[in-house]
2 protein chains.
Amino acid sequence: MTAIEQTEARPRGTRLPRRARRNQLLGAAQEVFVAQGYHAAAMDDIAERAGVSKPVLYQHFPGKLELYLALLDQHCEALVQAVRAALASTTDNKKRVEATMHAYFAYVEDEGGAFRLVFESDLTNEPAVRERVDKVALDCAEAISEVIAEDTGLAKEQSMLLAVGLGGVSQVVARYWLSSGSPIPRDQAVQLLTSLAWRGIAGFPLHGAEGQH
Amino acid sequence: MTAIEQTEARPRGTRLPRRARRNQLLGAAQEVFVAQGYHAAAMDDIAERAGVSKPVLYQHFPGKLELYLALLDQHCEALVQAVRAALASTTDNKKRVEATMHAYFAYVEDEGGAFRLVFESDLTNEPAVRERVDKVALDCAEAISEVIAEDTGLAKEQSMLLAVGLGGVSQVVARYWLSSGSPIPRDQAVQLLTSLAWRGIAGFPLHGAEGQH
DNA sequence: AAGCCGTGGAGGTCAAGATCGGCGTGCAGA
DNA sequence: TCTGCACGCCGATCTTGACCTCCACGGCTT
């Protein structure tokens, strides 16, 4: 049914050093949070998934929120780094677009679904979460907008709007592509999106002879 | 502090006909859900906001979830209609893009923040909610993709990907524009976005003499 | 004036986050 | 090798908070 089958639930008896236990708990928590969301995920579920009793969880994390935030921080940083790296990987702007798209797709596809914590969190009303999620989008957009502003001379507000748009396309389409079962190969999807972002929708070939104004 | 001040809490004594009471409850529920999200919103809050006691609420709606879904359905339909209308408003594709962007911005700006129920719901793990939210994005994308497919001859998968992208930009940027306090006028933002979608990022004027390949 | 129907406040239930005392295991030292 | 200690772990429980119903009251109809 809605069973979680990612990693085997450990036989409840192994003793682990503190650091290793903490990492294992983070892994178990990620699986449960990703699969069920924050609210539906119970501390009992996470403990059971890790093959551990609940008090152990509370010996490593003060509470459910802090556990969630620890995971969130971890994965927020990853995306911003990937986008920065993509932008710095070349000076050809078209390739920059392509590399950035690629970064979003890779981020969404990998990491055991961790992107859900950032893009589909159900705890955005919690200020601490909202702040982190907003900061990711903002940091990515600022990195992109710097390039735009430098190359086009647009003011900060305008270039930020475009940058948010480019980041938004990547994020939304990557999630759609994944959730619809990857109907077309990833590279082809990236190519298509890059064309859209680079040349616009007007840049696609016309079927009929209809004038586009 | 975080007070809700949209409509005055009615003096607790007015008798209303059933239909009017229901609408009033929907209004109160919308304010609370928008301001606090689904989970943080208590039925007590909604009842108090409407100037009514809790049993009345349960005489109109079976439970919290159904109340939420009623609101959601209401506003989902509104966006899809607006997008369809925008696409049908002209046959000039560039104007179609502009009209669609405009529809998203108007949707996000108006309706007392109801767009949050659709775009920022904290109940996406509930299948009934997920289904409706996904369907909105899908319906909008299909409407857009039909135009794309017809005019470019692209296959269904490809045109859907582009359509999801165009809808995604609109939605993400409109929300950013609103949440950042509308730093530039709405019409200008729409123009900028339309340019991005129509001609691509390469269509913006160069600042320096640097070649764009 | 008498009855009825909708309203109001107080309470039950239950799930889930958070916690307390006890147990077993492995190591240090004599 | 035997004893004591420290550490990690567990079963069982407490408590909070939110959704959801039961006994009194007041205005409208005939």
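Note that this is a predicted model, so its numbers are computed, not measured.
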Visitor: Whole-Å distance between D:dG8 P and A:R22 CZ?
Guide: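 After rounding, the gap between these two atoms is 14 Å.
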
Visitor: Check the distance between D:dT21's C1' and B:M43's CE and give it to me in whole angstrom.
Guide: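 Distance check: B:M43 CE to D:dT21 C1' gives 13 Å.
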
Visitor: Using modelled atom types only, decide if a donor and an acceptor are shared between the side chain of A:S182 and the backbone of A:I184 within a distance under 3.5 Å.
Guide: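 A pair under 3.5 Å: no.
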
Visitor: Is a salt bridge present between B:K156 and B:E142, judged by a nitrogen-to-oxygen distance below 4.0 Å?
Guide: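 Yes, this pair counts.
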
Visitor: Give A:A40 one of three labels, base, sugar-phosphate or nothing, depending on what nucleic acid heavy atoms sit under 4.0 Å from its own.
Guide: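 It contacts nothing in the nucleic acid.
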
Visitor: Scan residues 160-183 of chain A for pairs that pass ring pair (Phe, Tyr, Trp, His ring centres under 6.0 Å), counting only residues two or more places apart or in two chains.
Guide: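 Found A:F105-A:W177.
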
Visitor: Scan nucleotides 22-27 of chain C against the protein and return all N/O pairs shorter than 3.5 Å with their distances rounded to 0.1 Å.
Guide:
residue : atom : partner : partner atom : Å
C:dG24  : N2   : A:R15   : NH1          : 3.0
C:dG24  : N2   : A:R15   : NH2          : 3.2

Visitor: For DNA chain C, which residues in residues 55-65 of chain A have a heavy atom at a distance below 4.0 Å?
Guide: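 The answer is A:P55, A:Y58, A:G63, A:K64.
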
Visitor: Check the distance between C:dC14's P and A:D44's CG and give it to me in whole angstrom.
Guide: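 Answer to the nearest Å: 17 Å.
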
Visitor: Which pairs with one or both residues in residues 25-79 of chain A pass ring pair (Phe, Tyr, Trp, His ring centres under 6.0 Å), sequence neighbours excluded?
Guide: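 Pairs touching residues 25-79 of chain A that pass the test: A:F33-A:Y38, A:F33-A:Y68, A:Y38-A:Y68, A:H39-B:H39.
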
Visitor: B:R21 CZ to C:dC5 P: how many Å, rounded?
Guide: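 Those two atoms, CZ and P, are 18 Å apart.
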
Visitor: Hey, does A:Q24 have a side-chain heavy atom less than 4.5 Å from the side chain of A:L16?
Guide: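 With C-beta onward as the side chain, the pair touches.
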
Visitor: By salt bridge (charged side-chain N to carboxylate O under 4.0 Å, His left out), which residues pair with A:E120, not counting sequence neighbours?
Guide: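 Salt bridge (charged side-chain N to carboxylate O under 4.0 Å, His left out) list for A:E120, sorted by chain: A:R116, A:R175, B:R130.
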
Visitor: Distance-only, no hydrogens or angles: does the B:S159 side chain make a donor-acceptor pair with backbone N or O of B:A155 under 3.5 Å?
Guide: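 Indeed, once roles are kept as given, a pair shorter than 3.5 Å links the two residues.
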
Visitor: Applying ring pair (Phe, Tyr, Trp, His ring centres under 6.0 Å), can you list everything that pairs with B:F119, at least two apart in sequence or on another chain?
Guide: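 Not a single residue meets the ring pair (Phe, Tyr, Trp, His ring centres under 6.0 Å) criterion with B:F119.
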
Visitor: Grab the NZ-C1' distance between B:K54 and D:dT21 for me, whole Å please.
Guide: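 Rounded to the whole Å, the gap is 10 Å.
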
